[in-house]
Novice: 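There's a structure below that I have some questions on.
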Amino acid sequence: MNIQTHEELKGKIWEIANRLRGPYRPPQYRLVMLPMVVLRRLDCVLEPTKDAVLKQHEKLLAKDTPEKAMHKLLGKAADPKRKHPLYNTSPYTFKKLLGDSENIATNLDSYIRGFSPDAQRIFERFKFSDQIERLDASNRLFTIVKAMAEIDLHPARIDNLQMGYLFEHLVMRFNEQANEEAGDHFTPREVIRLMANLIYTGEQDVYRPGIVRSIYDPTCGTGGMLSESEKFILGQNASAHLHLFGQEYNDESWAICCADMMVKDEDTGSIVLGDTLGDGKTKDGWEGKQFHYMLANPPFGVEWKDQKDVVENEHRKLGFAGRFGAGLPAINDGSLLFLQHMMAKMHPYEEGNPDKPGSKIAVVFNGSPLFSGDAGSGPSNIRRWIIENDWLDAIVALPDQLFYNTGIYTYIWLVTNRKPPERRGKVQLIDGTRFFRKMKKSLNNKRNEISDEQIDELTQLYGSYIDGETTTAITDLKTGEIETRVVSRIFENREFGFLKVTVERPLRMNFEATPERIARLDAQSAFAGLASSKKRKDDKAMRKEIAEGEALQQAIRDLLSTLAGKGRYMDREVFEADLDQAAKQAHLKLAAPIRKAIFAALGERDPKADICRDSKGNPEPDSELRDTENIPLPEGTELPLPMAFGPDKPNDDLVAAFRDTIDAYMAREVLPHVPDAWVDYSKTKVGYEIPINRHFYVYKPPRPLPEIENDIRKLEGEIADLLKGLLA
């Protein structure tokens, strides 16, 4: 199809869409036009063999042919070349629909119900019957059908692949009109092209003639990543046999994706409708299936409360035998769940073994998966699992304002279990935040786009794999300032890991039985609880119990007052001895909670006081002075680390392996400043984070003060001149 024909069809279809204005707002045009374009294409495809199909249908009905056999035979009668049967058994076509304008709504509905099952499912999910009623009620249905009947989408004019390109453009155009929600199911095309370029770089097998490869998207939306991957590979290897698989939970997005597949004579059954993670009603549609390549743009920062029961149950019962063995992210962002899901579908890899080819993944995330979660948490453990298994290949930081529904920075992760030898044990970070150009017209939050030349340059950075590679880019859009910046860094896997150690300091407190401190007892729950009663049903007993409690409270106050003359205690042990002696003389037994309340009320932290010690003579830690230190994994550290995944796992082997490292760090960085500090080794944890922005940060000193002062004076002068003009 030449460009002129392509542009002509786009223009005509958009012109028809504009006739919907009134009953529909522009963001709603797609509700009518996408299914209508699919319907017209199918009408053009099937019209030449319509009579043959109807005759065959009559014969098969007369013979009481089984449904399965009838489906295949009708498909062959409609088009013997199609791999996936497509036919219509109703007497209608677009032309015949126009012959009965009074009943066009009823006839159009009948026409749709005459399609083969796969096509009917698509129109059901489009909810097109609702639009037929709406169009008919607004007196637009006949006009739209008549206009569409004049659009020639016959395969003789536009073949399946070319029709796929046209449909992709319409999907993009209509989603741009609905830009307030487009980002929910639409990834900018240039981001998909970049992902395709990156994931297939260095993949020699995919370009071998006749190669068979599977491509999967667990959040496929309208199918952009699948079709762009197909286009990319077939453009360089026309004889490749590609099998596309996906899953989508949104009805309309699923219908758009399947319509695109059907238009190109591909299997719509390979796109599953349902929740990939599992919501109790639907589940992973490709359970147990493995794929060669996987691409996805999971929802950014979306809660997974609806999937919580299914996911937690799988994590708890199956561990690494399921999809979520490494851990679970915070409930407010399920991005890393999708990555684990994809990694569970990787082919095993064995070098030189074609039966174990391995897999490669490209996924778009926001910044949260890079660093969210403390050491030992679910997100940190997921990062640790990926990095320690040497599956994280590269991360590319993208510019901001690329997506329709968010202006945040995004990142492409490349994950594979078959790194080439030169990339093993390492991770490449690429700063692509300056690789963009401003759009002439913004689309909601999308104000930037990546050009084809910039996609090629980013792909080259990934493929060349050079640490410290630089490029020249604009660093200030206002001034046009150009600067040479490092945009590629390569790190060892262990450089992303650290030990989080808990540093304790001793508790030091003074004690004094002043009236002010004794009065603080009333704020202690254990002490206040003495003057309460649970005997709600017996009023007399309740009043008696409360009175006894109040009397005990006063006795304790009187007891403490006897210690007032002792002055300030700088040693808790001495204070405790005097308290016990006074209680004995007063014939009072102080329960443990009351003793604790007394210490809390009469004590104050004092760095000059003696250290408080436990019954074994060990210093007690002061929770207010407790701190943590993140100690980088030392050079030469072997991965994986000797500690199991998950909370409450024993860390004895970890501490034994790194005891010298921890002690050396304490002696060098902590003890010179706080010599009484110590490490609670039982709380030592492993953490992993990927601070990509830090590695590319370039410090820029502020402008000299005289220069700023001159600018201020200049502005003051301009303001003064403006005020003179107003007063003149």
Side-chain angles (χ1 to χ4, degrees), residues 26 176-177 179-183 187-191 194 300-301 364-368 370-372 395-412 429-461 466-489 491 689-728:
E176 286 173 357
Q177 287 297 311
N179 55 29
E180 75 276 4
E181 58 186 69
T187 307
R189 191 61 51 169
E190 75 269 23
V191 174
L194 174 59
F300 296 157
V364 182
F365 284 149
N366 62 6
S368 176
L370 293 169
F371 50 78
S372 64
I395 295 177
V396 181
L398 300 179
D400 63 348
Q401 301 179 62
L402 274 185
F403 286 76
Y404 299 97
N405 64 343
T406 178
I408 62 175
Y409 285 97
T410 51
Y411 305 82
I412 296 175
L429 302 181
I430 297 174
D431 179 12
T433 56
R434 298 291 173 181
F435 290 75
F436 69 91
R437 64 186 181 192
K438 283 291 179 183
M439 296 173 61
K440 293 180 180 178
K441 182 181 179 182
S442 63
L443 296 169
N444 202 23
N445 287 304
K446 181 173 175 59
R447 300 178 179 87
N448 298 329
E449 61 184 359
I450 307 175
S451 68
D452 290 343
E453 293 76 17
Q454 290 167 330
I455 289 175
D456 291 341
E457 191 173 354
L458 286 168
T459 305
Q460 181 272 326
L461 286 170
I466 298 173
D467 183 30
E469 188 166 0
T470 62
T471 190
T472 301
I474 295 176
T475 55
D476 191 324
L477 293 173
K478 293 182 179 179
T479 64
E481 181 182 349
I482 296 177
E483 186 178 302
T484 298
R485 299 277 288 267
V486 173
V487 290
S488 174
R489 298 290 308 276
F491 298 89
E689 63 180 16
I690 308 167
I692 186 170
N693 295 332
R694 183 196 308 165
H695 292 304
F696 293 105
Y697 174 72
V698 177
Y699 172 72
K700 283 191 174 184
R703 291 188 301 155
L705 288 176
E707 185 179 328
I708 297 173
E709 186 178 2
N710 287 335
D711 286 349
I712 293 173
R713 286 178 177 173
K714 183 179 178 181
L715 288 171
E716 287 175 344
E718 291 176 358
I719 293 170
D721 290 340
L722 291 171
L723 289 173
K724 287 179 183 177
L726 290 173
L727 297 173

Novice: Can you measure from CD (Q401) to OG1 (T406) and round to the nearest 0.5 angstrom?
Specialist: 9.5 Å
Novice: For a quick test of reading the model, state the closest non-hydrogen atom pair linking I692 to A397 and the distance between them.
Specialist: CD1-CB, 4.0 Å
Novice: Starting at CD1 of I450, measure out to CG of D456 and round the result to the nearest 0.5 Å.
Specialist: 11.5 Å
Novice: Shortest non-hydrogen contact from R489 to F696?
Specialist: CG-CE2, 3.5 Å
Novice: Does the S488 side chain pair with the main chain of E469, one donor and one acceptor, at a distance under 3.5 Å?
Specialist: no
Novice: For the residue pair F403 and F300, does the interplanar ring angle fall in the parallel (under 30°), tilted (30 to 60°) or perpendicular (over 60°) class?
Specialist: perpendicular
Novice: Output yes when a side-chain donor or acceptor of Q454 lies under 3.5 Å from a complementary backbone atom of S451, and no otherwise.
Specialist: yes
Novice: Let's go through E718 and L715 carefully: what are the C-alpha distance in whole Å and the side-chain angles of both, what is the deciding distance for side chain to side chain contact (heavy atoms under 4.5 Å, CB included) to 0.1 Å, and is it a yes or a no?
Specialist: CA-CA 5 Å; E718 291 176 358; L715 288 171; 3.8 Å; yes
Novice: Any salt bridge between R437 and E190, counting N to O under 4.0 Å?
Specialist: no
Novice: For atom CZ of R703, is the number of surrounding heavy atoms from other residues, nucleotides or ligands below 6.0 Å larger than 12?
Specialist: yes
Novice: When you look at F435 and V487, which way does the side chain to side chain contact (heavy atoms under 4.5 Å, CB included) test go after all the steps?
Specialist: CA-CA 10 Å; F435 290 75; V487 290; 4.2 Å; yes
Novice: Working to the nearest 0.5 Å, report the span between CG of L461 and CG of L429.
Specialist: 12.5 Å
Novice: Working to the nearest 0.5 angstrom, can you tell me the gap between I395 CD1 and H695 NE2?
Specialist: 10.0 Å
Novice: Roughly how far, to the nearest 0.5 Å, is the CG atom of D400 from the OG1 atom of T410?
Specialist: 9.0 Å
Novice: I'd like to check N693 versus Y409 (side-chain heavy atoms, cut-off strictly below 4.5 Å). Are they in contact?
Specialist: no
Novice: Please round to the nearest 0.5 Å and tell me the distance separating atom CG of N448 and atom NZ of K438.
Specialist: 4.0 Å
Novice: My understanding is that only one of T471, D431, V698, T470 makes a side-chain contact (heavy atoms from CB on, under 4.5 Å) with V486; could you say which?
Specialist: T470
